[in-house]
Amino acid sequence: MSKRIVVTGMGAISAAGNNVSHFSEYLFDNNNKLINTIAPISLFTPEPHHASMAAEVKNYDPAKNFSKAELKHFDRFTQFALLATDEAITQSKLAFNDRPLAQRTCVVHGTSIGGQETIEQSYSLLFESDKKRAHPFTVPKLLPSSATSHISMKYGIKGPAFTTSSACSSSGHALIMSVLMLRSNMVDVAITGGAEACITSGNFHAWDGLRVLSHDTCRPFSANRSGLIIGEGAATLVLETLDHALARGADIYGEIVGVGMSSDAHNMIQPLAEGAEMAMNAALQDADILPSDIAYINAHGSGTKQNDKTETYAIHQVFKAHAPQLKVSSTKAIHGHVLGAGAALESIASILAIEKQQCPPTKNFKENDDECNLDYVPNQAQPHGIEYAMSNSFAFGGLNTCIIFKKYIPKI
Amino acid sequence: MNTSNVSSFTKAKIIDIVSEYTTEDLKQVSHSDSLDSIGIDSLSLVEIIFDLEEAFDINIPSENELEQQGFNLSSLDDVVTLVESLVQQNIQNKVDNNE
């Protein structure tokens, strides 16, 4: 029998709070007491007529978290990765000064783009300010694998370490690769997740050209949805084999029981329902459960016209008669589309949903759409019995991941 | 240059641009046919919008904003109407700024 994989630490930083506890408050904030996470961009001045809203990490001062010397090496996405990882590892109470454990731990952290801020600042100096030299740390700082390297260096983790990059599924693939390494007995512990920080002028020019950005807010599955809102942040999970976690008396926050991956093999931009269906079916098969066992889906739900109707159709195809009973929500209206960090952040949302036995809502849901006809938990979190929750991520280029979480029930 | 000259020049240029994205001969099809039926899918439309913005120095609003303004881009005629309107607005803005 395959090894069971459990979650023993979680860390998150996003527009919806600088740690998991704040994130949870945002997810289940039924009284709308918290400030709006989606707001006019403050990190640069958008062009007139271009999208000007984003889900930025609020009140973030790099100098309060890192030394001047560290900031020469840490792009913004690496900073977020390190902060989320610090929270997750602290919660797990793991230390890696024991050499066998350090070698039996992997770091797999995803990012869609990597050091975008570093790239743009460097280009600006070279091409606009007529500087002749780039800073000597430009290359190590901008590498998409930079965050992974800094995590492994900070904690002395010496097992397999690499970055996954598959656009909006990057951290989904990171989690899944970690699960597979844990199951195969290659490692006992995995530090995994994703980070993204690309609310930059050049990147927004590029996204604006695709015409998928909303000019006001993110309204997943709502008939009046107008596109996605880019967010930034990071999320890290500590995964362990159940045996390893039990042996050291770790607190366990949930279990990963099924993982699925697929490729649409279709189009760089347009999603294909068949690809999404294959990923969900693969995860269900891996978990060895029935579609009717799933109570809640944290949907990809990007808020674009095309994604939301395609995902809805795919869910109907997979869940058939059970589809109307499912609770399906997109938390992207709360934390924005965090691209390469999205799957990891939404995995934490799914684990919190199981922990609280509540479905986080699809905020900003205003109008029913004939092509989006599921129970999207509109606007208010709802109490719900959840043993199994599914988290979907469907990326540009048709790269899909699906992860199934289960409530962990200790043996007495 | 009177308005009809502007219009025919604009229309010819639009058709040139759109022709790049389809194998259909745009002289042979009805311009009120859906873009889909003349071989223009939604991805091509995104590129066409970019080309039109560059060619005419205009900003084509987002799909939702267009809907609110009563425009949609379902056919070649729709594209021509929208671009002509934005070009006229540009000319008017330049005249206003010079006055």
Side-chain angles (χ1 to χ4, degrees), chain A residues 38 41 46-54 167 202 204-230 264-273 302-310 333 364-367 369 371-372 396-398, chain B residues 14 17-18 20-23 34-76 78-97:
Chain A
I38 294 170
I41 293 170
E47 298 281 344
H49 310 295
H50 282 198
S52 61
M53 305 293 279
F204 263 66
H205 275 82
W207 275 91
D208 223 89
L210 268 177
R211 303 182 81 85
V212 294
L213 296 184
S214 169
H215 285 225
D216 49 12
T217 196
C218 176
R219 301 183 198 87
F221 302 109
S222 184
N224 64 345
R225 65 191 180 277
S226 54
L228 59 90
I229 291 283
I230 289 188
D264 291 356
H266 171 62
N267 189 289
M268 276 309 289
I269 316 293
Q270 286 171 336
L272 190 71
S302 62
T304 63
K305 296 270 184 212
Q306 198 64 35
N307 174 83
D308 294 1
K309 69 174 183 187
T310 307
N364 303 329
F365 188 93
K366 295 280 189 308
E367 296 171 22
D369 178 341
E371 291 182 289
C372 296
F396 273 165
Chain B
I14 293 169
I17 288 171
V18 177
E20 297 281 320
Y21 295 90
T22 177
T23 51
S34 74
L35 289 173
D36 214 29
S37 71
I38 59 167
I40 305 291
D41 64 13
S42 62
L43 271 192
S44 301
L45 183 59
V46 170
E47 276 192 271
I48 289 167
I49 288 172
F50 172 76
D51 289 350
L52 292 170
E53 288 184 328
E54 288 285 291
F56 294 103
D57 190 24
I58 52 173
N59 284 295
I60 298 180
S62 69
E63 197 181 339
N64 275 42
E65 286 165 319
L66 285 175
E67 265 174 35
Q68 283 162 19
Q69 293 166 23
F71 283 108
N72 68 61
L73 294 180
S74 308
S75 67
L76 196 53
D78 293 338
V79 175
V80 171
T81 307
L82 175 68
V83 172
E84 280 177 347
S85 141
L86 292 169
V87 168
Q88 286 301 331
Q89 250 175 51
N90 254 6
I91 293 168
Q92 194 55 50
N93 288 345
K94 278 176 191 158
V95 170
D96 291 349
N97 288 339

Chemist: Do B:L86 and B:L82 come within less than 4.5 Å of each other through their side chains, counting heavy atoms only?
Modeler: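 SC-SC contact between B:L86 and B:L82 confirmed.
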Chemist: A:D208: what forms a side-chain hydrogen bond (donor to acceptor under 3.5 Å, both in side chains) with it, not counting sequence neighbours?
Modeler: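 Expected list: none.
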Chemist: Check each atom of B:E47 against the heavy atoms of chain A and say whether the ones under 4.5 Å are side chain, backbone, both or neither.
Modeler: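 It is neither, since no heavy atom gets under 4.5 Å.
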Chemist: For the residue pair A:F396 and A:W207, does the interplanar ring angle fall in the parallel (under 30°), tilted (30 to 60°) or perpendicular (over 60°) class?
Modeler: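 Judged by the thresholds at 30° and 60°, the geometry between A:F396 and A:W207 is parallel.
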Chemist: Keeping the roles fixed (side chain from A:S222, backbone from A:E367), state whether a donor-acceptor pair exists under 3.5 Å.
Modeler: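 It does hold such a pair.
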Chemist: Counting a contact as any heavy-atom pair under 4.5 Å apart, which residues of residues 264-272 of chain A contact chain B?
Modeler: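 Within residues 264-272 of chain A, the residues that come under 4.5 Å of chain B (heavy atoms only) are A:N267, A:I269, A:Q270.
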Chemist: With distance as the sole test, does B:D51 use its side chain to make a donor-acceptor pair with the main-chain N or O of B:I48 at under 3.5 Å?
Modeler: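 Not confirmed, B:D51 side chain does not pair with B:I48 backbone.
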Chemist: Among A:R219, A:H215, A:K305, which one satisfies side-chain hydrogen bond (donor to acceptor under 3.5 Å, both in side chains) with A:S226?
Modeler: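 Option passing the side-chain hydrogen bond (donor to acceptor under 3.5 Å, both in side chains) with A:S226: A:R219.
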Chemist: Is any side-chain heavy atom of A:D369 closer than 4.5 Å to one of A:D308?
Modeler: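 A:D308 vs A:D369: side chains apart.
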Chemist: Under 4.5 Å heavy-atom distance to chain A, tell me which part of B:I60 shows up: side chain, backbone, both or neither.
Modeler: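 Contact with chain A is through both the backbone and side chain of B:I60.
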